[in-house]
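Below is one structure; the comments refer to it alone.
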Amino acid sequence: MHSFLVAEIQKALRSASVTTGQSIIIEKPTSPKFGDYATNIAFLAAKELKRNPRQLAEELTGHFGFPEGTVTKIEVAGPGFINFFMEPAFIMQSAERVFRDGVEYGKGSEGAGKTAIVEYVSANPTGPLTIGRGRGGVLGDCIANLAEAQGYRVNREYYFNDAGRQMQILGESVRYRYLELCGRSVDFPDTHYKGLYIGEIAEKIYSEHGEGLLQDESIEPFRSEAESIIFSSIQKTLGRLGIVHDSFFNEHTLYTADQNGISPNQQVIDRLRENGFIGQYDGATWFLTTKLGQEKDKVLIKSSGEPSYRLPDIAYHLTKYARGFDMIINVFGADHIDEYPDVLEALKILGHDTTKVRIAINQFVTTTVNGETVKMSTRKGNADLLDDLIDDVGPDATRLFFIMRSKDSHLNFDVDLAKKQSKDNPVFYFHYAHARICSLLRLAWSEIGFDAAKLPEHGILMRLRAPEELQLAFGILDFGDVSRSAFRMLEPQKMVDYMHAIAELFHRFYQECPILKAEPEIAEARLFLAVAVRQVLQNGFRILGISAPESM
RNA sequence: GUGCCCGUAGCUCAAUGGAUAGAGCAUCAGCCUUCUAAGCUGAGGGUUACUGGUUCGAGUCCAGUCGGGCACACCA
């Protein structure tokens with residue numbers, strides 16, 4: 001519907017010999033008296049052409065040539081809006097596209113033949129995933145789904161470092177607990193990890209090796225055992241939410257030399273130096289970001305000779321270009337906000353097109369339990385664990401609650417609400433709409449032999465005229481637009497809002513329009529309308545990554 | 001102190017620079033002998049933190065003020 005109107009407006013602009021660089025925006029008016037769709041193109045073009053918007057709008061209306069039976073009225077309103085009133089039968093008929101497209105309904109083509117990499121989660125294996133990380137994980141996963149819906153071939157990647165200082169500390173932490181198990185008294189440093197899982201890993205090692213590792217000063221056995229246990233637990237947790245990565249990129253590979261004997265890290269240094277952005281002082285190697293107007297230079301290689309995290313970050317992003325992705329999407333939490341500008345600057349200096357890179361930053365999470373808001377504490381041992389949350393409210397509520405707010409807003413995760421098996425809980429509102437349709441269709445099959453799997457005859461929905469039916473069909477038409485704009489904005493929350501609207505429209509339709517008890521012709525059309533809604537709900541659930549229960 | 005995010009109904013949040021700022025919860029009033037009432041209908045509730053500016057039009061953009069969050073290492 002969207003593209004239909006855009007095309008017709010373009011035709012009218014050409015016919016009226018109005019040339020404008022403005023892109024055409026279709027919006028839904030706030031009130032039905034302003035029509036079904038509206039455009040503000042007259043304002044935009046008028047400004048560009050220095051003309052009166054109202055006059056231009058009126059002139060344009062004379063140049064529209066909508067096909068018979070599509071638009072009933074075109075109206076200029078206010079200072080220059082052009083409002084379109086659609087023929088109800090045209091709306092009903094347009095909605096029948098759902099039957100033809102099925103699971104493909106609402107998919108876009110802007111990513112056809114293109115590839116995208118979405119990097120998300122990327123937690124180092126130093127401990128179990130926290131609730132805060134969960135938000136980024138679900139956000140990234142939904143963005144990846146949205147990219148796929150636009151036709152991109154998507155690579156979901158997890159970037160990690162198992163060789164850094166934090167991992168060293170992890171190994172030491174486990175060893176301390178192990179020593180305790182062996183009956184040694186230890187002075188556990190404040191800088192080390194104190195989570196319960198550390199003790200559990202130590203216990204596992206103790207049960208396998210007894211006191212056999214006591215004399216060995218090396219922490220390597222502790223570090224590697226901890227890494228493998230934690231990494232598999234992280235993947236297990238993500239798996240519970242349906243999050244599965246295609247690739248895991250180990251930061252350490254950026255330190256090892258390629259066939260030319262130069263590591264990716266070193267290549268970054270060399271190439272930045274060629275461009276005059278590398279300096280040496282205080283015994284360290286610096287990225288001269290002050291040349292770019294920043295307050296301080298950034299260390300790339302510490303005086304100890306080790307790279308800081310910034311260097312491999314840049315090298316890592318270079319591999320994303322080298323691997324040929326058309327779009328590069330990074331998802332991370334607000335605590336990494338300072339990280340990406342430097343990386344982008346470096347990429348630009350090295351001659352890469354940074355418009356390919358999109359960054360989605362999600363704000364932090366607080367949780368509300370028993371009406372009390374608890375602030376997340378990510379350090380120390382008392383962080384809220386994602387696994388506990390999933391245990392508590394289930395995977396669907398976990399996913400939906402993480403994305404039902406804009407990523408730019410701080411999220412208040414109301415655990416009590418998510419647990420409620422009632423209408424207050426949006427998860428159940430969505431599920432209920434789907435289950436209601438399934439139940440209806442089961443009954444229709446057993447009572448009148450209605451086959452929901454068969455294709456309806458062309459024009460069947462045109463039998464329907466009730467306002468609830470029209471609005472529902474009208475809503476179905478928006479699915480593709482919402483999906484596309486949710487992707488462009490990297491904002492799955494738009495899709496959640498839309499799903500709520502569809503569920504609401506369906507519940508109203510169901511309430512007001514008898515289906516099985518209606519005249520057979522009407523009953524059949526209404527059943528097919530329900531089939532269409534079910535398809536849209538399922539397609540939306542797929543993007544959000546939540547289940548579609550057939551009964552409740 | 002500097003950078004980024006936020007400030008909208010009692011609460012949690014919407015609103016690609018558009019028309020009368022919308023949902024849900026909570027409150028109040030209705031709707032089940034009838035396809036799942038886990039639902040539907042209606043009512044009340046607002047100086048969009050504040051002050052200026054930009055323009056046909058500002059919750060949205062710009063400047064400043066106030067308030068909340070996050071980040072500001074030769075940690076990752």
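Each chain gets a letter, A, B and so on, in the order its sequence line appears, and its residues count up from 1.
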What's the base orientation of B:rC56: syn (chi within 90° of 0) or anti? anti

Minimum-distance nucleotide to A:R508 side chain [options: B:rC70, B:rC40, B:rC35]: B:rC40

Could you measure between the two P atoms, the one in B:rC32 and the one in B:rA37, and give it in whole Å? 13 Å

It should be established whether A:Y510 places a side-chain nitrogen or oxygen under 4.0 Å from OP1 or OP2 of nucleotide B:rU41. no

Can you confirm whether A:I82 sits close enough to A:L60 that some side-chain heavy atom of one is under 4.5 Å from a side-chain heavy atom of the other? yes

On a whole-Å scale, what distance lies between the C1' atoms belonging to B:rG42 and B:rC35? 25 Å

Give me the distance, rounded to whole Å, that separates B:rA14 from B:rU60 when you measure between the P atoms they each carry. 16 Å

To the nearest Å, how far apart are A:K296 NZ and B:rG1 C1'? 11 Å

Is there ring stacking between A:F81 and B:rG18, where the centres must be under 5.5 angstrom apart and the planes under 30 degrees? no

Rounded distance in Å - CZ (A:F332) to P (B:rC5): 13 Å

B:rC72 C1' sits how many Å from A:R310 CZ, rounded? 10 Å

A:N83 (side chain) and B:rA19 (base): donor-acceptor pair under 3.5 Å: yes

Nearest-nucleotide pick for A:K494, side chain only, options being B:rU36, B:rA14, B:rA76: B:rA14

Give me the distance, rounded to whole Å, that separates B:rC28 from B:rC66 when you measure between the C1' atoms they each carry. 37 Å

Just wondering, do A:I403 and A:R135 contact through their side chains at under 4.5 Å, heavy atoms? no

What is the distance, rounded to the nearest whole Å, between atom CG of A:D282 and atom P of B:rC74? 10 Å

Base, sugar-phosphate, or nothing for A:A501, non-hydrogen atoms under 4.0 angstrom? nothing

Sugar-phosphate only, base, or nothing, as touched by A:H431 at under 4.0 Å among non-hydrogen atoms: nothing

Let's test your reading of the model: under 3.5 Å, does the base of B:rC13 pair with the side chain of A:S409 as donor and acceptor? no

Please state how far atom CG in A:L411 lies from atom C1' in B:rC5, giving the value in whole angstrom units. 14 Å

Just to be sure I understand the rule, does A:L443 reach a base, reach only the sugar-phosphate, or reach nothing, if contact means heavy atoms closer than 4.0 Å? sugar-phosphate

Is any N or O donor-acceptor pair between the side chain of A:K33 and the base of B:rU20 shorter than 3.5 Å? yes

With nearest nucleotide decided by heavy atoms, which residue, A:H410 or A:S304, maps closer to the 5′ end of RNA chain B? A:H410

For A:E27, report the nucleic acid contact type (base, sugar-phosphate, nothing); a contact means any heavy atom under 4.0 Å. base

Tell me, do A:E75 and A:F85 make a side-chain contact under 4.5 Å, heavy atoms counted? yes

Using a cut-off of 4.0 Å on non-hydrogen atoms, how would the nucleic acid contact of A:S551 be classed: base, sugar-phosphate, or nothing? base

Has A:F43 got its ring stacked on B:rG57, by the test of a centre gap below 5.5 Å and a plane angle below 30°? no

How many whole angstroms separate atom NE2 of A:H434 from atom C1' of B:rC35? 17 Å

Nearest-nucleotide wise, let me know which of A:R405 and A:L44 is further upstream toward the 5' end of RNA chain B. A:R405

Any salt bridge between A:D297 and A:K291, counting N to O under 4.0 Å? no

Regarding the side chain of A:Y309, the nearest nucleotide among B:rA76, B:rG18, B:rU36 is B:rA76

Does some side-chain heavy atom of A:H336 sit less than 4.5 Å from a side-chain heavy atom of A:I361? no

What is the separation between atom CG on A:D297 and atom P on B:rC72, rounded to the nearest whole Å? 18 Å

Base, sugar-phosphate or nothing for A:N40? Non-hydrogen atoms, less than 4.0 Å. base

Side chains of A:F222 and A:S173 in contact at under 4.5 Å (non-hydrogen atoms): no

Given B:rA38, B:rA23, B:rG18, identify the nucleotide with an atom nearest to the side chain of A:H500. B:rA23

Does any part of the side chain of A:T20, heavy atoms only, come nearer than 4.5 Å to the side chain of A:L44, both counted from C-beta? no

Answer whether the closest heavy-atom distance between the side chains of A:K407 and A:Q363 falls below 4.5 Å. no

Evaluate the side-chain proximity of A:K494 to A:Y498: yes if any heavy-atom separation is below 4.5 Å, no if none is. no

Quick one: the side chain of A:Y432 and the base of B:rA38, do they pair up donor-acceptor inside 3.5 Å? no

Check whether any side-chain nitrogen or oxygen of A:R436 sits under 4.0 Å from OP1 or OP2 of B:rA37, and answer yes or no. yes

Have a look at A:C438 and say if it touches a base, only the backbone sugar-phosphate, or nothing, with a 4.0 Å heavy-atom cut-off. nothing

Sugar-phosphate only, base, or nothing, as touched by A:D414 at under 4.0 Å among non-hydrogen atoms: nothing

If I pick the C1' atom on B:rG53 and the same atom on B:rA15, what distance separates them, to the nearest angstrom? 24 Å

Inspect the contact between A:R51 and A:E59 and indicate whether a charged nitrogen and a carboxylate oxygen are less than 4.0 angstrom apart. yes

Here's a test for you: under salt bridge (Lys or Arg N to Asp or Glu O under 4.0 Å), which of A:D481, A:D36, A:D478 qualifies with A:K28? A:D478

May I ask you to say what A:E447 touches in the nucleic acid, namely base, sugar-phosphate or nothing, with a heavy-atom cut-off under 4.0 Å? nothing

Please work out if A:A433 contacts a base, only the sugar-phosphate, or nothing of the nucleic acid, heavy-atom cut-off 4.0 Å. nothing

To the nearest angstrom, the CD-C1' distance between A:E504 and B:rG42 comes to 14 Å

Across the strands shown, which category fits A:P514 at heavy-atom distances under 4.0 angstrom: base, sugar-phosphate, nothing? base

Sort by first number and list every stem of RNA chain B: at least 3 consecutive Watson-Crick or G-U wobble pairs, both distances under 3.5 Å. B:1-7 with B:66-72, B:10-13 with B:22-25, B:27-31 with B:39-43, B:49-53 with B:61-65

